[in-house]
Amino acid sequence: MKSGFVSLVGRPNVGKSTLLNSLVGKKVAITSNKPQTTRNIIQGIYNDNDSQVVFVDTPGIHKPNHKLGKVLNRQAYYSIDDVDVVLFLVDGSESLGPGDKFVLDRLKESNKTVILIINKIDKISKEEILLKINEYKDLYDFAEIIPLSALKKNNVETVISVLKKYLTDNIRYYDEETYTSSSEQFMISEIIREKVFNETEEEVPHSVTCVVENIEFSKTSVNVMASIIVDRDSLKKIIIGKQGCKIKQIGTCARNEIEELLGKKVYLDLYVKTIKKWRDREKYLQEFGYYDFEK
Ligand code: GDP
Ligand code: MG
């Protein structure tokens with residue numbers, strides 16, 4: 001039996017959450033093509049006969065321009081210090097940039113076993129993969145380098161077999177059926193937030209958070225009441241859309257996925273609320289579950 005904690009770090013949008021879902025074989029983290037989708041520490045748990053790996057997904061490390069951003073960076077740093085192995089992800093289809101170097105500098109201070117994951121290899125040629133490996137290998141003393149495609153699930157299983165070499169615990173932290181430590185309530189709010197990300201452009205999704213206000217289970221169905229919170233009234237209009245068409249679309253997509261998650265019929269009531277500057281207000285960050293490790 002081998003077990004341990006492994007965090008996924010890297011700049012926003014390199015595919016950390018996509019890889020987490022592929023490793024665990026379930027959707028435990030929402031993903032989008034926009035940076036800074038992940039806002040909490042999310043654990044996805046991989047189980048097999050002789051191992052358990054708790055993967056810790058983190059918000060991408062970036063230069064913050066809101067209090068929320070600072071909280072997110074601290075979450076990511078905290079998760080580096082608290083695990084056995086770090087998977088450092090880069091986007092193989094993009095060139096190495098200051099964002100990657102920023103994260104790498106932070107890793108250097110941590111003295112952890114770091115495995116480099118070169119993701120999105122479905123977008124590049126074999127020759128380019130080799131070039132990337134060469135480019136990265138001198139930057140840091142990586143324990144291993146694994147090129148893969150998290151999205152196409154290509155070479156993802158290698159991560160598990162390689163990790164077994166580095167994990168040292170020998171207990172199961174969770175029972176074998178558990179694949180995430182997130183609550184159902186949190187997963188529902190995240191599903192709604194993902195649909196907002198999908199349905200809106202530019203800055204809109206970053207100003208949004210979602211909260212499940214009430215949830216009632218009956219034998220055959222579930223009633224969910226949730227709020228989509230924005231930080232200015234103009235965004236409220238965008239999210240509602242012409243004659244409510246956008247909110248309707250968000251609701252339908254979210255409901256389908258929540259039904260899959262819960263295995264029951266779902267009635268979803270969505271409200272849109274404005275709370276001015278919530279991303280810079282301590283009280284609301286706490287209320288919406290953005291835990292600050294500085295405290
Ligand atoms: P995160 O911010 O690092 O968690 O990144 P996400 O997991 O949210 O992914 C960001 C975007 O990259 C999404 O649009 C994903 O579908 C895409 N993506 C992730 N992994 C791959 C991959 O292996 N190949 C390709 N082509 N796209 C990927
Ligand atoms: Mg993410």
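Owing to the predicted nature of the structure, the values given are computational and were not obtained by experimental measurement. Just so you know, ligand 1 is whichever comes first in the structure, and atom 1 is the first atom listed for that ligand.
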What residue and atom, counting heavy atoms only, is the protein's closest point to atom 18 (N) of ligand 1, and at what distance?
Lys120 CE, 3.7 Å
OG of Ser3 to OH of Tyr174, rounded to nearest 0.5 Å, is 12.0 Å
Phe88-Tyr140 aromatic ring centre distance below 6.0 Å
no
shortest atom 26 (N) of ligand 1-to-protein heavy-atom contact is with Asp122 OD2, 2.9 Å
Proximal protein heteroatoms (N, O or S) of the Mg ion (ligand 2), under 2.8 Å:
Ser17 OG, Thr38 OG1
Kindly compute the distance separating CG (Leu261) from CD (Glu190), expressed to the nearest 0.5 Å.
12.0 Å
Quick test: of every protein heavy atom, which one is nearest to atom 2 (O) of ligand 1, and how far off is it to 0.1 Å?
Asn13 N, 2.8 Å
Provide the number and element of each atom of ligand 1 under 4.0 Å from a heavy atom of Lys123.
26 (N)
Once you round to the nearest 0.5 Å, how far does CG of Leu87 lie from CD1 of Ile115?
5.5 Å
Examine Thr31 against ligand 1 and note whether any of their N/O atoms are separated by less than 3.5 Å.
no
Any atoms of ligand 1 less than 4.0 Å from a non-hydrogen atom of Ser17? List them with their elements.
4 (O), 7 (O)
Before signing off on this row, confirm whether Gln36 and ligand 1 have an N or O atom pair separated by under 3.5 Å.
no
Whether His206 and Phe197 hold their rings parallel, tilted or perpendicular, with breakpoints at 30° and 60°
perpendicular
If you measure from the Lys or Arg side-chain nitrogens to the Asp or Glu carboxylate oxygens, is any gap between Lys164 and Asp50 under 4.0 Å?
yes
To check your reading of the model: name the closest protein heavy atom to atom 27 (N) of ligand 1, its residue, and the distance in Å.
Leu151 CD2, 3.6 Å
Flag Ser149 as yes when one of its N or O atoms lies below 3.5 Å from any N or O atom of ligand 1, and as no otherwise.
yes
Using a 4.0 Å heavy-atom cut-off, which part of Leu148 comes near ligand 1: side chain, backbone, both, or neither?
neither
Test your reading of the structure: does Val14 have an N or O sitting under 3.5 Å from an N or O of ligand 1?
yes
Out of Pro12, Gly15, Ser32, Ala29, whose heavy atom is nearest to atom 11 (C) of ligand 1?
Ser32
Among all the protein's non-hydrogen atoms, which is closest to atom 6 (P) of ligand 1, and how far away is it?
Thr18 OG1, 3.6 Å
Before giving the answer on side-chain contact (heavy atoms from CB on, under 4.5 Å), spell out for Val24 and Thr180 the whole-Å C-alpha distance, their side-chain angles and the decisive distance to 0.1 Å.
CA-CA 9 Å; Val24 171; Thr180 182; over 6 Å; no
Going from CG on Leu20 to OG1 on Thr31, what distance comes out if it is rounded to the nearest 0.5 angstrom?
10.5 Å
With the threshold set at 4.0 Å, does a side-chain nitrogen-carboxylate oxygen contact exist between Lys16 and Asp57?
no
Of all the atoms in ligand 1, which lie at a distance below 4.0 Å from a heavy atom belonging to Lys16?
1 (P), 2 (O), 3 (O), 4 (O), 5 (O), 7 (O)
Between NZ of Lys237 and CD1 of Ile239, what distance do you get to the nearest 0.5 Å?
13.5 Å
Indicate yes or no: does Lys27 engage Glu257 in a salt bridge with an N to O separation below 4.0 Å.
yes
Do any nitrogen or oxygen atoms of Asp57 come within less than 3.5 Å of a nitrogen or oxygen of ligand 1?
no
Please determine whether the number of non-hydrogen atoms from other residues, nucleotides or ligands lying under 6.0 Å from atom CZ of Phe217 exceeds 12.
yes
Identify the protein heavy atom lying closest to atom 20 (N) of ligand 1, giving its residue, its atom name and the separation to 0.1 Å.
Asn119 ND2, 3.2 Å
May I ask you to decide if the ring planes of Phe288 and Trp278 are parallel, tilted or perpendicular, using 30° and 60° as cut-offs?
perpendicular
Hey, does the Lys NZ or Arg CZ of Arg106 hover above the aromatic six-ring of Tyr77, less than 6.0 Å from the centre and inside 45° of the axis?
yes
